[in-house]
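Below is one structure, written out as structure tokens, with a few remarks after it.
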Amino acid sequence: MNKANPTNEDTNNHSTEPESLDFVRAIVAKDQQTGKWDHRVHTRFPPEPNGYLHIGHAKSICLNFGIAQQFAGKCNLRFDDTNPIKEEQEYIDSIIEDVKWLGWDWQDRLYYASDYFEQMYQYAVELIKKGLAYVCDLTAEQTRQHRGTLTAPGQKSPYRDRSPEENLDLFQRMRNGEFPDGSRTLKAKIDMAHPNLNLRDPVMYRILHAEHPRTGNDWCIYPMYDWAHGLEDSLENITHSICTLEFENHRPLYDWFIDSINRDRPEQIPHPQQIEFARLNLTYTVMSKRRLLELVQAGQDSNWDDPRLPTDQVSSWDDPRMPTISGMRRRGYSPQSIRNFCQRIGINKFNSTVDFALLEHCVREDLNKTSPRVMAVLNPLKVIITNYPANQTEQLDAVNNPEDPSAGTRQVPFSRELYIERDDFLEDPPKKFFRLAPGREVRLRYAYFITCQEVIKNENGQIIELRCTYDPATRGGDSPDGRKVKATLHWVCANNAIPAEVRLYDHLFNKENPSEVEEGRNFFDNLNPDSLKSLPQCFVEPHLKNAPPLSRFQFERLGYFCTDPDSTADHLIFNRTATLKDTWAKIQKQQKNQQ
RNA sequence: UACCCGAUGGUGUAAUUGGUAACACACGAGUUUUUGGUACUCGCAUUCCAGGUUCAAGUCCUGGUCGGGUAGCCA
């Protein structure tokens, strides 16, 4: 960037200039360089199929798949399906769809923890034989009492010193289904006084007579996460096991498990390196699967047969107000915008909360470049062009995307009766209001200059129609005499317009941190009652008649919109993804504050 | 009152590993404009505190302060 010396190093600089690496990538880069893992890079995204993926998962997905891509490595998709009570096939299907939609590819490496159950069982047998694991008959409650507290050491289980032979027999019988749920567990024999509670003889297996989505009734004992997870990574020969901060305290346990398996073992199993990063928090939303599930369940319990959409409740996992990937897809977010967002927020080890405005910026940035422009009127106000021939319709050329010349042009019909946006007319305009007002001339985009001559009201004094004149010489929107107008309005042709329903969305919660609640209240109290506003009687230009579901547009001057999956040619439904930045709204707010 | 982790503008991240705080968002002011959009210009932090090492500290050392995590047969 040295302007005085543009000749030499300047030219090849940007290619060699090292982008700064986040701390995870820095570790991966170093390991790859030193050959720690034989120059391999192999990551994985390991969701539990107990809910839908959200934007926080996208951060992890982009990290894991992104690292694999950047370092010419691989990334597996693996379901961590070790708890059949909470997991469902529906979730598996949605997760596969969402990761794919985000644009990542795991090729043939779709794995399931449940595929490793037999191998895990054998490893457990090895630990029992080494005297490092035992079957314990304590109840859950007793186990808790024996664990001690954060400051006090625990006590040893009375079953801790059973012989390997007895343990082997009992463990086999646990597997055989001879014991009821909760009656016994397999525990690791570590140290009941360890300052890290995770090492106080953690449970490895519990008895659960539950049908598993994949293994059916093959098993009635299921491995605990701590036991299973490190083994899954080891079995897949993962190099870098990237996870979130709350598992930091568990790392010593994973290390213990693998080291213990490897002790005196002729064939050593791989020992991946775990790296923890901070999960994503976003303003005005919640990001835990538990809370998202509560929102969905609350919505399902309510009466959705009511034709009015309940505005303070969410309809489903893919409700456009949800921070789920499926919700954002339905809302109109592009995969690219989500990936850009995940790149911008960075990776760190401390908790932080990203401003929702950054997400919005990322969608706008992407959709500005990619989405075709169309005209739609949300709150119609009829305009009659009194000096325009009554039975005439003409076609006017409109640019599809000023940011992308290759998007070309289309034709929009124009005739005597039009609709404009109600907000674009004020009978008594305040300062800085540039739009239509009595006697004022504005431009109709790609059409003509019009001047408001008369305001028609009903008996209640409400404005129901405007009578305007147009200047035929300004066809297309340019005035040959060079006179200026201060505003350009969008519009639709009344007898060609297509009715549509438009759903406007706002933050799901009206508090930056919805989890922050008064004593005795919960996050439901922070739900934004105005998060959904449905406008059933809008008009869009005829071009949109056959817009397929999930197609994205910019409604000029209004925002980005996406056809809902339920949208049909007979009943068009658009979801607002985001508004355009609105300088006028800002000015209005300022004027209000000054008064 | 235990153990682990962390702390850079309003927000999220950088800083060639000891060399004079950079980028983006947000906010504010302007220019351009057939979207009050986009684009562009300008403004906005002496790096939690206190000592120390050093010619030089956001970076290293010591001690504080504050924040997060951990006591599921959840993940």
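So that the names make sense, note that chain A is the first sequence line, chain B the second, and so on, each numbered from 1. Both backbone and side-chain heavy atoms feed into the values below; hydrogens, waters and symmetry mates do not.
Aromatic rings from A/Phe257 and A/Trp227 are positioned such that their centres are separated by under 6.0 Å.
Crowding of A/Arg160 atom CZ: a count of heavy atoms from other residues, nucleotides or ligands under 6.0 Å exceeding 12.
Checking the phosphate oxygens (OP1, OP2) of B/G12, no side-chain nitrogen or oxygen of A/Thr353 falls inside 4.0 Å. Dashed line: the shortest gap from a side-chain N or O of A/Arg206 to OP1 or OP2 of B/A75 is under 4.0 Å. Distances shown here put a side-chain N or O of A/Thr583 below 4.0 Å from the OP1 or OP2 atom of B/G37. The side chain of A/Gln590 contributes an N or O atom lying less than 4.0 Å from OP1 or OP2 of B/G28. Put simply, A/Lys586 has a side-chain N or O that comes within less than 4.0 Å of OP1 or OP2 on B/C27. OP1 or OP2 of B/U38 has at least one side-chain nitrogen or oxygen of A/Lys581 nearer than 4.0 Å. A/His361 has a side-chain polar atom (N or O) that falls below the 4.0 Å cut-off from OP1 or OP2 of B/C25. An OP1 or OP2 oxygen of B/G72 is reached within less than 4.0 angstrom by no side-chain nitrogen or oxygen of A/Thr143. For A/Arg557, a side-chain nitrogen or oxygen approaches OP1 or OP2 of B/G36 to under 4.0 Å. Contact annotation: A/Asn281 does not reach the phosphate of B/G68 (side-chain N/O to OP1 or OP2, under 4.0 Å). Residue A/Arg290 places no side-chain N or O under 4.0 Å from the OP1 or OP2 atom of B/C74.
Across the strands present, B/U8 finds no partner; the criterion is a Watson-Crick or G-U wobble pair with both atom distances under 3.5 angstrom. The base-pairing partner of B/U33, taking Watson-Crick or G-U wobble contacts with both distances under 3.5 Å, does not exist among the strands shown.
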Evaluate the side-chain contact (heavy atoms from CB on, under 4.5 Å) criterion for residues A/Leu367 and A/Ser337: first the C-alpha distance (whole Å), next the side-chain angles of each, then the deciding distance (0.1 Å), finally the verdict.
-> CA-CA 8 Å; A/Leu367 297 186; A/Ser337 66; 6.0 Å; no

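Using cut-offs of 30° and 60° on the angle between ring planes, the pair A/Tyr254 and A/Tyr225 is perpendicular. Using cut-offs of 30° and 60° for the angle between ring planes, the A/Tyr470 and A/Phe414 rings count as tilted.
Rounded to a whole angstrom, the distance from the C1' atom of B/U17 to that of B/A21 is 15 Å. Between B/A2 and B/U54, the distance separating the two C1' atoms is 37 Å to the nearest Å. A gap of 11 Å separates the C1' atoms of B/A7 and B/G58, to the nearest Å. Across the P atoms, B/G69 and B/A22 are found 34 Å apart, a figure rounded to whole Å.
Closest to the A/Pro402 side chain, of the nucleotides B/A75, B/G37, B/A2, is B/G37. If you check B/G72, B/U13, B/C4 against the side chain of A/Asn249, the one that comes closest is B/C4. When each of B/U13, B/C73, B/G12 is scored by its nearest atom to the side-chain atoms of A/Asn348, the top-ranked nucleotide is B/U13. Proximity note for A/Leu197 (side chain, C-beta onward) versus B/G69, B/C74, B/A71: the nearest is B/A71. The side chain of A/Thr151 lies closest to B/U1 when the candidates are B/C25, B/G36, B/U1. You'll find that the side chain of A/Ser20 is closest to B/A14, out of B/G37, B/C5, B/A14. Comparing B/A26, B/A15, B/A75 by their nearest atom to the side chain of A/Glu246 picks out B/A75. Of the candidates B/U13, B/A75, B/A2, the closest approach to any side-chain atom of A/Ser352 belongs to B/U13. Side-chain proximity of A/Arg147 to B/G36, B/C73, B/A26: nearest is B/C73.
Residue A/Arg344 is classed as a sugar-phosphate contact, given heavy-atom separations below 4.0 Å to backbone atoms only. At the heavy-atom level, A/Glu248 lies under 4.0 Å from the strands shown only through sugar-phosphate atoms. Nucleic acid contact for A/Arg373: base, since at least one base atom lies under 4.0 Å from a heavy atom of the residue. Using a 4.0 Å heavy-atom cutoff across all strands shown, A/Phe247 reaches at least one base atom of the nucleic acid. Within 4.0 Å of A/Ile587, counting heavy atoms only, lies at least one base atom of the nucleic acid. Nucleic acid contact for A/Thr185: base, since at least one base atom lies under 4.0 Å from a heavy atom of the residue.
In this structure, A/Phe434 forms an aromatic stack with the base of B/G36, since both conditions hold: centre separation below 5.5 Å and plane angle below 30°. An aromatic stacking contact links A/Trp584 with the base of B/G36, defined here by ring centres under 5.5 Å apart and ring planes under 30° from parallel.
Using a 4.5 Å cut-off on side-chain heavy atoms (C-beta onward), A/Arg440 and A/Cys452 make no contact.
In the interface, the side chain of A/Gln588 is not paired with the base of B/G36 through any donor and acceptor atom under 3.5 Å apart.
Taking the nucleotide of RNA chain B with the nearest heavy atom to each of A/His229 and A/Lys486, the more 5' of the two is matched to A/Lys486.
Geometric assessment of A/Arg175 against the ring of A/Tyr121 yields a positive cation-pi assignment under the 6.0 Å and 45° thresholds.
As a whole-Å value, the separation of A/Asp355 CG from B/G12 P is 9 Å.
Exactly one of A/Leu378, A/Asp424, A/Ile420 qualifies for a side-chain contact (heavy atoms from CB on, under 4.5 Å) with A/His490. That residue is A/Asp424.
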